Amino acid sequence: MRISRIETFLVPPRWLFVRVETDDGIVGWGEPVVEGRSETVRTAVEQLSELLIGQDPLRIEDLWQVMTKGSFYRGGAILASAVAGLDQALWDIHGKSLGVPVHQLLGGHVRDRIRMYGWIGGDEPAEIADAVEAQLSVGLTAVKMNASGRMKALGSVAAINEVVERVAAAREVLGPHRDVAVDFHGRFTLADTRRIAPLLEPLHPFFLEEPTVPENSHLIGGLTRSTTIPVATGERLYNRQEFLPVLQAGIAVAQPDLSHAGGITEVRKIASLAEVFDVQLAPHCPLGPLALAACLQVGFATPNFLIQEQSIGIHYNQGAEVLDYVLDKTPLKFVDGYVERLTAPGLGIEIDESAVRIADKTGHNWRSPVWRHDDGAYAEW
Ligand SMILES: O=C(O)[C@@H](O)[C@H](O)[C@H](O)CO
Ligand SMILES: [Mg+2]
């Protein structure tokens, strides 16, 4: 079997899919994307394709090595995401060629179902209660919210109290037994996060995410040592090397993104590294169906797996939906807040190719908003 053709599709709301075809007719799908930079990743996928056409798709590790190390300048979000989507497609092909789901190729399942959570925003305090209700009504038992919106005055007691009030609003609707994770999105200084964390402790957050921007990962130990809340990070870390310092600094939850951190091949290794630090995996995934399926395949085969993010029914999907692109929607339905083990071959979902081809005609030009605080200063989005 040889790889014969590679195509990409820009699909709303903000995703990019790749379709890898082989000469014996097996097709694999993946999702190589960076939110806000789909076209750039598309170009990177096209360049990497030159290395893959004519090759045996089952030699995933070898192709991964060539894609990541085959040129002098390496790494970074764009390249790691391009490799990630292609890697997912290769695992999809491998599973389909043997008629088994990918998790079987990773050693078989260690669990029968995976707990899921959805994002509820949080930038607008008035919308929090309704957003929590919406997630509970689709059967979820855990949500994640932003710690803050745009701030009037960074570091002010008002800004700090607002975080506590937002999380309290979510906790009130959730009751004592469901979970709320709080995403700091790198929006606060670490000094402020250290002030806020103890105030959140009585509300029992599931985890506190991205207390620093990734380039300030060296600061994160200052927080992990000062709060009992499990600290999470990783959506903007792209390989084991970048995860090592935050693992050593005492994070509790590692959040590699299956579409950013080198795909199934690398995230599987990140999970193994995390296990040595007693850290649980909770892959980041505000993305589409292929990224989600790749997360779940890793989750079914990974012992130190906590929970899975997903974006089904999230309002920022702006009319387009994760499930629009899959033929059989039942494998991704929530049962008591969980997704049951995917048993179909490969990634375990069947892509609606005609829907994808039609969606690509519209495409999208989704961009990260540029954020400024009320005083005009630049803010991390
Ligand atoms: O943890 C999350 O789901 C968010 O931080 C998103 O990754 C961010 O809005 C970019 O898509
Ligand atoms: Mg996040």
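Every number for a ligand or one of its atoms is a count from 1 in the order of the listing. All figures in this text were calculated on a predicted structure; none of them were measured in a lab.
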message = Is there a polar contact between ligand 1 and E210, counting only N or O atoms under 3.5 Å apart?
response =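 No; every N/O pair is 3.5 Å or more apart.
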Which of the ligand 1 atoms, numbered from 1, are nearer than 4.0 Å to a heavy atom of [X]:
X: E35; result: 10 (C), 11 (O)
X: R14; result: 11 (O)
X: D183; result: 1 (O), 2 (C), 4 (C), 5 (O)
X: H284; result: 1 (O), 2 (C), 3 (O), 4 (C), 6 (C), 7 (O)
X: H185; result: 4 (C), 5 (O), 8 (C), 9 (O)

key: Proximity of Q310 to ligand 1 by residue part, where a heavy atom lies under 4.0 Å   =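 Answer for Q310: neither.
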request  = Answer side chain, backbone, both or neither: which part of E309 comes under 4.0 Å from ligand 1, heavy atoms only.
outcome  =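 Side chain only; the backbone of E309 stays clear of ligand 1.
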request  = For residues Y325 and A320, report the shortest heavy-atom separation together with the two atoms involved.
outcome  =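 Nearest pair, atom of Y325 first, then A320: OH-CB, 4.2 Å.
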key: Atom of T228, atom of E201 and distance for their closest heavy-atom approach   =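 Heavy atoms only, the tightest pair is N-OE2, 3.1 Å.
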inquiry  = For the Mg ion (ligand 2), give me the closest N/O/S atom belonging to E209, just the atom name.
reply    =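 For E209, the N/O/S atom sitting closest to the Mg ion (ligand 2) is OE2.
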query = Side chains of V231 and P211: does their closest heavy-atom pair fall under 4.5 Å?
reply =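 Side chain of V231 against side chain of P211, heavy atoms only: contact under 4.5 Å found.
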Any carboxylate oxygen within less than 4.0 angstrom of a Lys/Arg side-chain nitrogen, looking at [X] and [Y]?
X: D192; Y: R195; value: yes
X: R19; Y: D360; value: no
X: R236; Y: E209; value: no

Opening angle at the Mg ion (ligand 2) [OE1, E235; OD2, D183; to 10 degrees] =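 Computed angle, vertex at the Mg ion (ligand 2), rounded to 10 degrees: 170°.
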task = State if K144 counts as touching ligand 1 under the rule of any non-hydrogen atom under 4.0 Å.
result =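 It does, in that a heavy atom of K144 comes within the 4.0 Å cut-off of ligand 1.
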request  = Quick one: sort the F188 and F184 rings into parallel, tilted or perpendicular, breaks at 30° and 60°.
outcome  =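 Correct class here is tilted.
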query = If we ignore angles and hydrogens, is there a donor and acceptor under 3.5 Å between the side chains of H260 and E35?
reply =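 On atom types as modelled, these side chains qualify, holding a pair under 3.5 Å.
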